[in-house]
Amino acid sequence: MATASFPSHSHGSYLLKIVFYFTIVTISVSLLLPTAEAAVKKYQFDVVVKNVSRLCHAKPIVTVNGRYPGPTVHAREGDRVIINVTNHAQYNMSIHWHGVKQLRNGWADGPAYITQCPIQSGKSYSYDFNITGQRGTLWWHAHILWLRATVHGALVIMPPLGVPYPFPNQPHGEAELSIENQGNTLGLPPNMSDAHTINGKPGPLFPCSQDKHTYALDVEWGKTYLLRIINAALNDELFFAIAGHNMTVVEIDAVYCKPFTTDALLIAPGQTTNVIVRANRAPGRYFMATRPFMDAPVPVDNKTATSILQYKGVPTTILPLLPRLPTPNDTDFAGAYLDKLRSLNTPQFPANVPLTVDRRLFYTIGLGMNPCASCVNGTRLTASLNNITFVMPTIGLLQAHYFGIKGVFRLDFPDKPVTAFNYTGAPLTANLGTSKGTRLSKVAFNSTVELVLQDTNLLTVESHPFHLHGYNFFVVGRGIGNFDPAKDPAKFNLVDPPERNTVGVPTGGWTAIRFRADNPGVWFMHCHLELHTTWGLKMAFVVDNGDGPEQSVLPPPKDLPLC
């Protein structure tokens, strides 16, 4: 059985080729000791294929430095980070630093064909960026094809030396959750995943997964631990709980929040959550467990992955206790949990919510079906925003924008759907074709934007986690049914709404966000369900330069990859 003890770091080593179907969860925990301040942190990432054995089979997968999950990037607020990525695999590669704002520096953001051409096999590219005004748990992952299933890791940003957390006790821990599903070549959804894993290890509920394929975390009675939890899943929202132990949520998406205690948490793909756990129960062994949340008529892998929180000195022969996770379709728990999320909103960490709005956007989220001669039944499932299925370009959009290259994209993405309808009424199963195009929305520098994301019942309702690159935003409201522009804004939280970079749109409902467009460049926005992103559920904003070079996109680096 693999174990981790404070203060050492432990990382899983589960690798799997992306053409197989399975689910992964990863957790590693360590106590962070004070280190000397460093202005520049440098890392070397070698993208390589490695064989590993899990679930009774050996499989090759793409990794960074031969590790799954990949290496954790450690930095402090204010640091400069330089990560040189050398691609030794046969696939093109790009890496996104999920949640890093990349101020004026979209060249380091990473999504392939959005801010850069991918790193070709045998080539290298250095991601060079500053961490400004951010501290907490973020993560990094491949941002091309489905490679982030195995190419991802934690990005831990500590406060500056001498600056404490705004809560008592300072231990450090981290956790990752990732899911891999594949199967879009015939125009159909992917097959069901084979397993979940924690720290690259599925736990004893799966075959061939005893002992070394079960992750265990050693804790000492009376001590307090900070777990950094990352949902790197491809297609699942997840519940997470620890048997016999409550968790105090203190941070979401690298933003401090008002602490609250819960016996389980909900985390969508792309999101991070920091929790404090106190080892104050009877010394024993306790399962940490995760399984999907799905309140729509969509099949999911409902298997439970487990790892073990074990008190030091307790024999490993004692059987762990299982936590009581919410039921897979527990919408009430999900809503109540999300209602508790509030920004800390103190003088040191204020919630600078835009109180006035310069631009109001309303985007409908829909599934569709377009003709496909090579697909089963002659159709391919698609997804769209405002009925537009995004078409990926063949060069980076940021390059085209910066150098004025014509014919790559259009700036006519509509602020609202062309045709209004009863978005969440009876399922709509006819006339499901979408328009296609590389259509972007232009936004004035420093303008305030309100965006309402509305789920629809085109084919089916479903929850969608949306990620906006280059920005945090405030989640000022959400609801079930159709958004009512006459009534719902009166209920918005404009005082202490949660600040995030990834937000879930509820099944058959809507979410409203606000942000200030003060970061010039081309910024991707997409559903973080990899399946839906592949189907075209994405778009991008072009944020104008402001006045002068300090409000303008930086020049591109000399080693920017070529297409």
Side-chain angles (χ1 to χ4, degrees), residues 1 23-27 29 173 175-177 179 193 195-199 201-206 209-210 214-219 221 224-231 233 236-250 252 259-269 271-296 298-311 314 316-341 463 504 506-507:
M1 180 177 297
T23 305
I24 310 168
V25 177
T26 308
I27 294 184
V29 182
E176 271 184 18
L177 308 163
I179 295 177
S193 60
H196 300 75
T197 69
I198 295 182
N199 254 9
K201 306 171 192 300
L205 303 185
F206 290 91
S209 299
Q210 299 291 332
T214 296
Y215 176 78
L217 167 66
D218 288 334
V219 298
W221 191 91
T224 300
Y225 300 95
L226 178 65
L227 307 186
R228 301 176 181 267
I229 302 169
I230 305 167
N231 185 348
D236 279 345
E237 292 184 89
L238 293 159
F239 293 122
F240 177 84
I242 305 172
H245 294 73
N246 287 330
M247 300 172 286
T248 301
V249 178
V250 294
I252 53 172
F260 66 93
T261 300
T262 182
D263 58 0
L265 60 85
L266 173 66
I267 185 168
Q271 293 181 338
T272 67
T273 302
N274 283 9
V275 299
I276 290 176
V277 177
R278 187 167 179 82
N280 60 358
R281 309 298 291 179
R285 304 176 79 226
Y286 299 85
F287 271 130
M288 299 182 286
T290 185
R291 73 178 176 206
F293 163 62
M294 174 55 72
D295 60 351
V298 176
V300 296
D301 171 15
N302 198 30
K303 302 181 183 75
T304 299
T306 56
S307 61
I308 300 172
L309 184 146
Q310 58 187 23
Y311 285 71
V314 173
T316 58
T317 54
I318 294 178
L319 293 177
L321 300 173
L322 271 169
R324 181 176 296 177
L325 287 162
T327 57
N329 63 348
D330 196 339
T331 303
D332 290 341
F333 174 89
Y337 177 84
L338 295 174
D339 284 343
K340 296 174 185 177
L341 297 176
S463 177
T507 299

Q: Determine, stepwise, if the pair F240 / T273 fulfils side chain to side chain contact (heavy atoms under 4.5 Å, CB included).
A: CA-CA 11 Å; F240 177 84; T273 302; over 6 Å; no
Taking all non-hydrogen atoms of both residues, which atom of [X] and which atom of [Y] are closest, and how far apart?
X: T507; Y: A296; value: CG2-CB, 3.9 Å
X: A233; Y: P269; value: O-CB, 3.3 Å
X: F239; Y: T327; value: CE1-O, 3.3 Å
X: Y311; Y: A282; value: CE1-O, 4.3 Å
X: L266; Y: A334; value: CD2-CB, 3.5 Å
X: R281; Y: H245; value: CG-NE2, 3.1 Å

Rounded at 0.5 Å granularity, tell me how far [atom1] in [X] sits from [atom2] in [Y].
X: L338; Y: I252; atom1: CG; atom2: CD1; result: 9.0 Å
X: I318; Y: I308; atom1: CD1; atom2: CD1; result: 11.5 Å
X: E237; Y: Q271; atom1: CD; atom2: CD; result: 7.5 Å
X: T304; Y: L238; atom1: OG1; atom2: CG; result: 10.5 Å
X: T290; Y: I242; atom1: OG1; atom2: CD1; result: 11.5 Å
X: M288; Y: L227; atom1: CE; atom2: CG; result: 7.5 Å

Q | Intermediate values then yes/no, side chain to side chain contact (heavy atoms under 4.5 Å, CB included), V275 and Y225 | A | CA-CA 8 Å; V275 299; Y225 300 95; over 6 Å; no
Q.
Counting C-beta onward and ignoring hydrogens, is there a side-chain heavy-atom pair between V250 and L226 closer than 4.5 Å?
A. yes
Q: Report yes if the distance between the aromatic ring centroids of F333 and F293 is under 6.0 Å, otherwise no.
A: no
Q: Please report the C-alpha distance between R324 and D263 in whole Å, then the side-chain angles of each, then the deciding distance to 0.1 Å, and finally whether the side chain to side chain contact (heavy atoms under 4.5 Å, CB included) criterion is met.
A: CA-CA 9 Å; R324 181 176 296 177; D263 58 0; over 6 Å; no
(Q) Using a 3.5 Å distance criterion without hydrogens, assess whether the side chain of D236 forms a donor-acceptor pair with backbone atoms of P292. (A) no
Q. Does the side chain to side chain donor-acceptor pair (under 3.5 Å) test come out yes or no for T261 and N246, once each step is laid out?
A. CA-CA 7 Å; T261 300; N246 287 330; over 6 Å; no
Q: Check the pair T306 / L322 against side chain to side chain contact (heavy atoms under 4.5 Å, CB included), numbers first and verdict last.
A: CA-CA 9 Å; T306 56; L322 271 169; 4.1 Å; yes
